[in-house]
Amino acid sequence: MKYEHQLIEKKWQMKWDTESLYSAADMKDIENPFYNLFMFPYPSAEGLHAGHAFSSTGSDIYGRFMRMHGKTVFQPMGYDSFGIHSENYAIKVGQTPQFMLSRTTKHFEEQLRSLGHGYDWKRTVTTSDPDYYKWTQWLFTLCFKAGLAYRKEAKVNWCPSCKTVLSDEQVIDGKCERCGTVVERKDLTQWFLSITKYADRLLNNLENIEWPSKIKQAQKQWIGKGEGLEIKFSNIAVWTTYWETIFGATFLVVSPEYLLSKLAPDVSVESIRYAEHALEKSADERRTNRKKTGENTGLTVLNPATKDQIPVYVADYVIEGVGTGAVMGVPAHDSRDFEFAKKFNLPIVPVVSYANSEINQSIKKNERSSEEPGALTNSGDFNGLSSNGEGKDAVRKWLVEQRLAEPQTNYHLRDWLISRQRYWGAPIPMVFCETCAQKGDGEVKSGTWNAAGWYTVSEENLPVLLPEITDYKPKGEGKGPLANHKEFYETVCPKCGEKAERETDVMDTFVDSSWYYLRYPTVGLSNSSEVPFDLEVTKKWLPVDLYFGGAEHSVLHLLYARFMNQVLFDQKKVSFEEPFPHLYAHGLMIKDGAKMSKSKGNVVNPDEYITKFGADTLRLYIMFLGPMDGSPDFRDTGIEGMQRFTNRVWDLLNDVNRGVSKKDVSAIVSKMHQTVKKVTDDINVFHYNTAISGLMEFVNELKDSEIGDDKETWKEALKTLTTLLAPFTPHLTEEVWREVLNESGSVHTAPWPMHDESKIIPDQIVVAVQINGKLRGQIEISKEESENEEKVTLKAKVDEQVAKWLEDKSIRKTIYVKGKIVNFVV
RNA sequence: GCCGGGGUGGCGGAAUGGUAGACGCGCACGACUCAAAAUCGUGUAAGGUUACACUUGUGGAGGUUCAAGUCCUCUCCUCGGCACCA
């Protein structure tokens, strides 16, 4: 009987649906909850590709594994449907985003169903749905009321192609994360969320969550906490983490911004001209210009440690926003300063030694080397000091005691810019009233920015609906398309009732995705339109038990979501700080050695493989390619090999009435228990490729066994194999379980098999024999014999292959590793 | 430059310090067939041999150990993150 994958897969997908196998009737009344979350995709028009199939299958296998462990698994799916990606595509094909959406989500659902994933389709989330973004807006108002949302004019990242601003996190190598265009800098007034206030907590909590270290590392690096000193050089403060090099600071450099805003007009005309010119450069141009250009300002300042007057320069290698925007130039210990000093003929003074006992003396004597700075020729030569920890501490103490410096902590993390001058997003739910602004009235009084005139839209008036307009394309004038629609922005002030205007920018998509995991369990509850998330159900299901997703979200989504959750925690809306205590980051599937992308034309659509080979074979194949956290290469040849395996398994499992001969029973029982252990252990750590190889070995063992009378062992082996395979091949095993083995209920709720440690070791064991660590022979012993070291070593000694190596040699030492190895040292 | 992964057959990849290359792909040969496909069987690290024996072998150089792909030191290459971050 041939395995008809098309019929069987469709049959069970429909049946699971009618049986609600993957959907709890009542989210509040369940036991052993396990929230198995997969990062939701944005519903692209192309549909999902093999990379999605790879990652979502990885998540699904774990969910099924947990379900068979008696957990009630909640595995929802939704769509991150707002955002530039979806909107850009709609523009390209000349449709509205709304129109595109209805087709794309439907296509996604069909594809995900055809892969056999056990999603709860009754509880989905679509971020562009008013029922959803109502609460995204509510979240923004919550931040505003907590003093965590503010407006500020700032030099921001502007993508000239997407015609919107971007957050720092969305600029990769100076380019737009979405379209790859070089971003420009633009002065705009924008909404920010104060994520920097959470920098320390975001950093410290990393200790307590079970995440891959590389993701933690990336977040740590992005937060970039630097504990340094702020040191006054006359009226200019510099910030440094290398304060011990201050004795070698022979000049000072300020950024162009610093010069123009704080030092002009007391500086040279040339330096002002230089600074103005530098500001016209794009961020990318400035970033990649490694030439140390600059200009003398004519000012001098006092080096507080050496008491020397040193010149002040302006140069664009100093960046506004890092530290104070001014740095001390220590050419002997910093390669950039060195290059600069060479160019401008500034003195290069190495700071020599701070050996602990002489520290005070050294400092007082202001010890300097008489060596020529010519020794410092390459940029790698600037260490030596930073490694001297004790000296460094002594200098710090001295500087602070002398009141020359103050401790100051700086972060790389910036506040999150969430305004987007686009159409396809959640409108920022704010109203500005000019009348109130004149009087200084506003919803919050804030010291950090002038909030006068700004009001949140109250909860009963949410959502602020995104109007359906046809002229939704961005124009690039610094305002979003909604600014052209009076009917949208004209409103009245909630305070004084005068004419007022709505904010016309929309929110960054990452705000939408920063809280979606909270919404899922509440979908479908009677109060779901009254609350963002029901308290009882949230308490039951959250935090997420396993979050499965791509490493590319290390510092975007994963940081924002943690931040939002912590805000909600502080506002007493949730009882946990970290939403994802356990994260698994899968790798990226590639094709022919390159990342799958439309532009390369190497995107693999799983549909044709499902049609040709079936979902189960595809699932096995992509999981077998390599480890889940690697970058497997999708190749067509391998899948045919997996189809052979699927067919072999099908034939084997249908051969229910055969038995196994007495002589092979022990080997089969042992292999069965080994396989149970191996597959269980491997799934626990997401090593699906080796779990599958273990299953293949078990299948080979069964196929090669001699036919005999022992039907009970055979039947048990088949049953075990079926359950172990179930997470990987849900359709085939379900067919076998219910129709061939005639078991009651679904295989996916059947109990996961347990292994018996005592049955793992077979009756006959092969032990390797080594002489001086080199393999010289093998002996076969029984299980009982393996316990007896003397017996084993004797048997090894007299083995024909081994004996000839022992002739004329005396054995100095014998090592026996039970049931594994005998090593004679001669 | 800093921080993290990795370097193992023709390929994807396995190996709690204990028989390196599991499992699979590919390839070769054989069976079945008029023939092919499919399927099944055998072989497949390199050198060596009719076949065995044996020798070498996990990027390179040292070291620890009865025993090293695995641990330590140095070094080369590669992939990912951050970066004129002071």
Side-chain angles (χ1 to χ4, degrees), chain A residues 172-173 212-222 224 226 228 238-243 245 249 253 255 286-292 315-319 321-330 333-337 339-340 379-380 382-383 410-412 551-552 554-555 587-588 620-621 624-627 629-645 647-648 651 678 681 687 689-700 703 766-778 801 804 812-826:
Chain A
I172 313 286
D173 284 339
S213 67
K214 69 168 182 177
I215 310 273
K216 286 191 186 184
Q217 211 61 39
Q219 289 213 352
K220 208 170 166 177
Q221 216 165 257
W222 187 260
V238 305
W239 180 78
T240 178
T241 52
Y242 296 101
W243 51 78
T245 64
V253 194
S255 68
R286 208 170 129 177
R287 201 175 61 86
T288 52
N289 177 19
R290 304 268 153 179
K291 283 186 194 151
K292 294 292 172 290
D316 65 3
Y317 79 88
V318 177
I319 299 164
V322 179
T324 60
V327 302
M328 58 182 194
V330 188
H333 301 286
D334 182 284
S335 58
R336 295 156 303 176
D337 295 343
E339 281 170 47
F340 192 79
S379 55
F382 299 93
N383 39 19
N410 271 330
Y411 297 88
H412 172 256
E552 67 273 21
S554 300
V555 290
L588 218 57
L620 276 175
Y621 169 62
F624 187 64
L625 275 174
D629 56 359
S631 331
D633 200 340
F634 192 101
R635 288 169 310 155
D636 288 352
T637 51
I639 195 164
E640 285 160 15
M642 197 52 85
Q643 190 181 34
R644 284 199 275 274
F645 176 70
N647 289 333
R648 272 205 299 271
D651 291 342
K678 178 168 179 61
D681 291 351
H687 291 178
N689 56 332
T690 51
I692 293 167
S693 77
L695 288 162
M696 286 172 165
E697 285 186 53
F698 187 33
V699 168
N700 291 344
K703 281 207 79 108
V766 175
V767 171
V769 184
Q770 296 181 332
I771 312 256
N772 289 342
K774 272 194 193 301
L775 181 70
R776 294 302 181 194
Q778 292 184 335
Q801 290 290 327
K804 70 180 184 194
R812 284 214 309 243
K813 197 174 173 187
T814 303
I815 291 137
Y816 174 56
V817 181
K818 201 179 110 187
K820 284 244 164 110
I821 223 162
V822 177
N823 188 13
F824 297 113
V825 185
V826 298

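Since the model is a prediction, treat every value here as computed from it, not as a measurement.
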OP1, OP2 of [N] versus side-chain N and O of [X]: anything below 4.0 Å?
X	N	value
Arg648(A)	C40(B)	yes
Arg336(A)	G1(B)	no
His412(A)	C82(B)	no

For the backbone of Val826(A) and the side chain of Asn772(A), can you confirm whether one donor and one acceptor N or O come within less than 3.5 Å of each other?
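Yes, because the side chain of Asn772(A) sits within donor-acceptor range (under 3.5 Å) of the backbone of Val826(A).
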Within the structure shown, what part of the strands sits under 4.0 Å from [X] by heavy-atom distance: base, sugar-phosphate, or nothing?
X	value
Lys220(A)	nothing
Gln778(A)	base
Val318(A)	base
Lys291(A)	base
Gly224(A)	nothing
Asn700(A)	sugar-phosphate
Thr241(A)	sugar-phosphate
Ile319(A)	base

Distance, rounded to the nearest Å, where [X] contributes [atom1] and [N] contributes [atom2]:
X	N	atom1	atom2	answer
Gln221(A)	C2(B)	CD	C1'	7 Å
Phe634(A)	G24(B)	CZ	P	19 Å
His333(A)	G1(B)	NE2	P	19 Å
Leu588(A)	C79(B)	CG	C1'	13 Å
Gln801(A)	A53(B)	CD	C1'	8 Å
Tyr317(A)	A83(B)	OH	C1'	16 Å
Asp334(A)	C85(B)	CG	P	8 Å
Asp629(A)	G5(B)	CG	C1'	9 Å

Compare the minimum distances between each of [options] and the side chain of [X], then state the nucleotide with the smallest one.
X	options	result
Val766(A)	A22(B), U19(B), C54(B)	U19(B)
Lys214(A)	A86(B), G4(B), C23(B)	G4(B)
Arg644(A)	G26(B), C23(B), U19(B)	G26(B)
Ala218(A)	A86(B), G24(B), G81(B)	G81(B)
Met696(A)	A86(B), C54(B), G24(B)	G24(B)

5' priority, RNA chain B, between Trp222(A) and Thr240(A) [closest heavy atom]
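With Thr240(A) and Trp222(A) compared, the 5'-side residue is Trp222(A).
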What's the shortest heavy-atom distance between [X] and [Y], and which atoms?
X	Y	result
Leu625(A)	Pro632(A)	CB-CB, 3.6 Å
Ser255(A)	Val318(A)	CB-O, 3.3 Å
Arg336(A)	Tyr317(A)	CB-CE1, 4.1 Å
Lys678(A)	Ser693(A)	CE-OG, 4.4 Å
Leu588(A)	Glu552(A)	CD1-OE1, 4.1 Å

Expressed as a whole number of Å, how far does the [atom1] atom of [N] sit from that of [M]?
N	M	atom1	answer
G81(B)	C11(B)	P	26 Å
A20(B)	C85(B)	C1'	46 Å
G63(B)	G13(B)	C1'	30 Å
C25(B)	U44(B)	C1'	13 Å
A68(B)	U19(B)	C1'	14 Å
C40(B)	A46(B)	C1'	30 Å
G21(B)	G9(B)	C1'	7 Å
G24(B)	U73(B)	C1'	38 Å

Please round to the nearest 0.5 Å and tell me the distance separating atom [atom1] of [X] and atom [atom2] of [Y].
X	Y	atom1	atom2	result
Gln643(A)	Tyr621(A)	CD	OH	13.0 Å
Phe624(A)	Met642(A)	CZ	CE	5.0 Å
Lys292(A)	Asp316(A)	NZ	CG	8.5 Å

Pair Trp239(A), Asn410(A) - check side-chain contact (heavy atoms from CB on, under 4.5 Å), show working.
CA-CA 9 Å; Trp239(A) 180 78; Asn410(A) 271 330; 2.9 Å; yes
Kindly indicate whether the side chain of Gln217(A) and the base of G81(B) share any N or O donor-acceptor pair separated by less than 3.5 Å?
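Checked by distance alone, the answer is no.
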Determine whether more than 12 heavy atoms belonging to other residues, nucleotides or ligands lie under 6.0 Å from atom NZ of Lys220(A).
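Counting other residues, nucleotides and ligands, NZ of Lys220(A) stays at 12 neighbours or fewer.
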Atom NZ of Lys818(A) with >12 non-hydrogen neighbours under 6.0 angstrom:
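No.
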Thr814(A) and Val822(A), any side-chain heavy atoms less than 4.5 Å apart:
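Sidechains of Thr814(A) and Val822(A): in contact.
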I want to check something: taking the side chain as every heavy atom from C-beta on, are Met328(A) and Thr245(A) in contact at a cut-off of under 4.5 Å?
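SC-SC contact between Met328(A) and Thr245(A) confirmed.
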Could you list the protein-to-nucleotides 10-17 of chain B atom pairs, N/O on both sides, closer than 3.5 Å?
unit_1 : atom_1 : unit_2    : atom_2 : d
C11(B) : O2'    : Arg635(A) : NH1    : 3.4
G12(B) : O2'    : Leu625(A) : O      : 2.4
G13(B) : O3'    : Asn689(A) : ND2    : 3.4
A14(B) : OP1    : Asn689(A) : ND2    : 3.3

Using O4'-C1'-N9-C4 for purines and O4'-C1'-N1-C2 for pyrimidines, with syn meaning within 90° of 0, is G59(B) syn or anti?
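Anti, angle beyond 90° from zero.
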Protein N or O to nucleotides 61-72 of chain B N or O, pairs below 3.5 Å:
unit_1 : atom_1 : unit_2    : atom_2 : d
C66(B) : O2'    : Asn823(A) : ND2    : 3.3
C66(B) : O2     : Asn823(A) : ND2    : 2.6

Symbol by symbol from the 5' end, with Watson-Crick or G-U pairs under 3.5 Å, [ ] crossing and | another strand, RNA chain B is (((((((..(((.....[....)))((((((.......))))))(((......)))..(((((..]....))))))))))))....
Would Gln770(A) and Ile815(A) satisfy side-chain contact (heavy atoms from CB on, under 4.5 Å), going step by step from the backbone distance to the final call?
CA-CA 9 Å; Gln770(A) 296 181 332; Ile815(A) 291 137; over 6 Å; no
